[in-house]
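Structure, as structure tokens:
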Amino acid sequence: MSARLDDYFTKRDLGFLRKRGIESVGDLLHFFPRRFLVPGEKTPFGGLPIGETAIVQAEVLSVDTRMLERRTGQKRPPSLTTVLINDGAMTMKIAFFNQQWLQQQLTPGLVVVFAGTVEEFRGQLTLKSPVWLNRDEHDETWTPEDLSSPFPVYSRVKGIAQSRLWKAIKVLLDVADPVEFEDPLPTGMREQLDLPDLRTALGDMHRPRTQADMERAQQRWKWEEALALQTELVSRKADYEQLSATPLFDVGARSRRFEANLPFALTASQVRVGEEISRDLARSTAMHRLLHGDVGSGKTVVALRAMLTAVDSGAQAAMLAPTEVLATQHFRSIEGLLGEQMALSPLLAEDDQVRVALMTGSMPARERRQLALDLAAGQIDIVVGTHALMSETTMFAELGLIVVDEQHRFGVEQREALRSKAGLTVPHTLVMSATPIPRTVAMTVFADLDVSTLDEMPAGPKDVTTHAVSLADHPAWLSRIHQLLADTVRRGEGGFVVAPRIENTEVEDLESGRVEQFIGVEEIRERMTRAPELAGLSIGLMHGKMPMAEKDRVMNDFLTGELDVLVATTVIEVGIDVPRATMMIIHEADRFGVAQLHQLRGRVGRDGRAATCFLLTNRPEEEPGFERIQAVAGTLDGFVLAEYDLDSRGEGDVLGASQWGGSSLRHLSVLRDAAVIEHARSFAEKIVEVDPDLSSLPALRRLIRRILPAEAAHFIEAS
Ligand code: ADP
Ligand code: MG
């Protein structure tokens, strides 16, 4: 016997298998049954209980196929194949629809095992959609136990009968190359968790003696995947920890002046996270830390403090943002927090002042060149910018710390590019996420980072009353909402109006065939200027297609109160800080994600003032989508919403945005298996500590390579 797929399948079969992702013996052994039929006691036909699963052994008496009448809409007339079988005492009739090929396979005289649900049809017993295996005298693969064991049912592989698939698997379980049974789980871990070894588990998946065997085997696959994932992450983390970095101590005049001048006391959460970061920075190995917290939890202050530590230690700091608007806003926030501590020019800086610059792609070339020179000469302490910061022409005198805002929009390679700018040592890295990350996600996607959480809001819990409104059900409410906006402006406060698109669009709903009209921000602003209830208000417009300078001007006018209302696309999503804004109206809220709505809403009520947010939709309340915006209206807790989001969208989407998007976790659920993942991590830590190259666990190394996307797998070169 041999252990190659082409010994068991024809070329044509191999094509069918490939379509199901089965290309090797290993793949086939891991192609698990979709479910099992659990037999009761083996009974003769006469005693079969209706409604239960039965496994019966019988001889085929006859097979007969006839065509039925074609119904309208059917391409081909359906066929009905009737098989008569006899168990030695009684005869039973089984019907198969559209399986004419059975005619060739079930020949009279053949002894066959059928498994299916027992039904009564016109007073006679029959089996409903049975699976079957033939058993002839020369077939050594059959054992008497096969009739009393749970009976595997595989997902259909087009073109290949269940019985052929199962037979090949059964043989391979005995004869496959021993490497297929090398266990990725270390023995100690298996024993501690009471998990079967790989060979036993594979056997129990395909031919379990009892249902309990199979259930016990099933446990294993989750652990395998969790261990592979965590081993990869833990060893990446160990790698980062090996990278030398310049220790940055919290000692200088700039940090002291900053602390003394802060107009507020740091929250306990900020203090704690600040300490976590300074401990990391003081080390001679690189920090690799994630900072996350809800909108307004005060991440910027924490990040700036860390950057000042770098500057006090004679190094530079860079802050990366995903968009120019956001970079500009960060620059402004830093400017605001530093106040007079910000140096007016590189040449006029006092000892405790900080030289901060903004670098964007739209800067005039000459200015940018000058800035690059200043950076290279160490004349700039902190630079805020977009990807432009990573261009090859940007050099740093001594880059000590990188703060990356909005991690999920930066690829791993981009972080690497920046890292490579640092020379002999690498900079410390602080990754900021503008949205809270559910614990389970932090534990998987970001588990190669240390995690700091800001779980306290400086201004106390936020006060943004949120309403979900269906304009389809209540069209008149828009003018009511506009009146409230006018009242808000009359109190000296400002309002945002947000919509997903710039221009008007018609979209045909594929399901209902209904054509929906969506109006863009340009038209929304037009209509608002004409609305009688908003007469006299100055309404501005901002969207991504406007030139940077114009966006700047509009933003500034809104900040100063020149503009009462700003109609905008999501360019205002993150980081825009306009304390006087206390009202937000979001059109087509159902088009946005939960996290995005929460982020947008975070733009109002910034300084603890009571604020109002309307989430509007053009869809009726009973349509899907309304529930989602209602969920956002129902809580102000970003962590709760992050969990809701993970729950309702499914982890594929959530992880899809991440570097693990390409992973093929088949058994592990990031959502439900948090405990397994956490536990697996402690095993992974021990493994990486004693055997960083996994030389004693080659099977684990192969598993990592199999389930993690190629560019992410750390062990690819190692093996
Ligand atoms: P995030 O970036 O987490 O959304 P920010 O750092 O922008 O939050 O802070 C939100 C607002 O709260 C800013 O106006 C900031 O100045 C202010 N702030 C930060 N920390 C505190 C604090 N401890 N007490 C009072 N206000 C604070
Ligand atoms: Mg911020």
Side-chain angles (χ1 to χ4, degrees), residues 255 258-277 289-308 317 319-323 325-342 356 382 384 403-409 430-437 451-464 493-494 496 555 558-559 570 572-582 584 595-611 613 636-639 641-642:
S255 305
F258 179 68
E259 296 219 323
N261 287 350
L262 256 189
F264 45 73
L266 294 176
T267 63
S269 204
Q270 284 170 317
V271 171
R272 189 193 68 234
V273 168
E275 282 165 1
E276 287 165 1
I277 294 171
R289 186 172 279 280
L290 169 73
L291 169 61
H292 71 135
D294 210 341
V295 197
S297 58
K299 295 182 285 287
T300 312
V301 182
V302 172
L304 180 55
R305 273 226 30 190
M307 293 197 281
L308 292 177
M319 186 182 226
L320 288 188
T323 63
V325 175
L326 202 47
T328 308
Q329 188 64 39
H330 275 309
F331 177 74
R332 294 229 179 91
S333 312
I334 290 174
E335 199 174 29
L337 284 164
L338 287 173
E340 293 184 352
Q341 201 184 347
M342 187 147 138
V356 189
I382 294 177
V384 184
V403 177
V404 184
D405 188 12
E406 285 281 86
Q407 148 72 9
H408 54 281
R409 299 192 200 180
L430 181 67
V431 173
M432 288 207 292
S433 162
T435 47
I437 297 169
V451 179
S452 288
T453 309
L454 283 176
D455 49 12
E456 200 179 337
M457 300 298 275
K462 246 183 181 245
D463 184 12
V464 184
E493 296 165 5
F496 285 107
M555 199 61 225
F558 187 53
L559 260 170
T570 51
I572 60 141
E573 184 183 348
V574 219
I576 303 287
D577 210 346
V578 185
R580 45 178 287 281
T582 62
M584 179 171 283
Q596 207 175 6
L597 289 173
H598 183 60
Q599 195 71 45
L600 283 167
R601 173 174 62 178
R603 301 300 114 211
V604 292
R606 294 288 287 175
D607 59 353
R609 272 193 256 194
C613 176
L636 288 168
D637 189 329
F639 284 92
L641 285 175

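Computed from heavy atoms alone, side chains included, the values below leave out hydrogens, waters and symmetry copies. Atoms within a ligand are numbered from 1 in the order they appear, just like the ligands themselves.
Taking the side chain as every heavy atom from C-beta outward, Met319 and Ile334 approach each other to under 4.5 Å.
Atom numbering of ligand 1 starts at 1 in the shown order; those under 4.0 Å from a heavy atom of Thr267 are 23 (N). Near Val301, meaning under 4.0 Å from any of its heavy atoms, are these atoms of ligand 1: 6 (O), 19 (C), 20 (N). Listed by atom number, the atoms of ligand 1 under 4.0 Å from Leu266 heavy atoms are 23 (N).
Judged by the shortest distance from any of its heavy atoms, Ala265 lies inside the 4.0 Å radius around the atoms of ligand 1. In this structure, Asp294 has a heavy atom closer than 4.0 Å to ligand 1. Taking 4.0 Å as the cut-off, Ser333 does not count as a neighbour of ligand 1 on heavy-atom distance. Judged by the shortest distance from any of its heavy atoms, Ser297 lies inside the 4.0 Å radius around the atoms of ligand 1.
For His598 and Phe639, the distance between ring centers is not under 6.0 angstrom.
Each of Thr267, Val403, Ile277, Leu266 was checked for a side chain to side chain contact (heavy atoms under 4.5 Å, CB included) with Val302, and the lone residue meeting it is Ile277.
Between Phe264 and ligand 1, a contact under 3.5 Å exists for no N or O pair. In terms of polar-atom proximity, Pro458 is not counted as a contact of ligand 1, lacking any N or O under 3.5 Å from an N or O of the ligand.
Using modelled atom types, one finds a donor on one side chain and an acceptor on the other under 3.5 Å when comparing Ser452 with Arg289. When only modelled atom types and interatomic distance are considered, Thr300 and His330 share no side-chain donor-acceptor pair under 3.5 Å.
The parts of Thr300 lying near ligand 1 are both backbone and side chain, judged by heavy-atom distances below 4.0 Å.
Within the cation-pi definition used here (under 6.0 Å to the ring centroid, within 45° of the axis), Arg601 does not qualify as a partner of Phe496.
Taking CG of Leu337 as the reference point, atom CZ of Phe264 lies at 6.0 Å (rounded to 0.5 Å).
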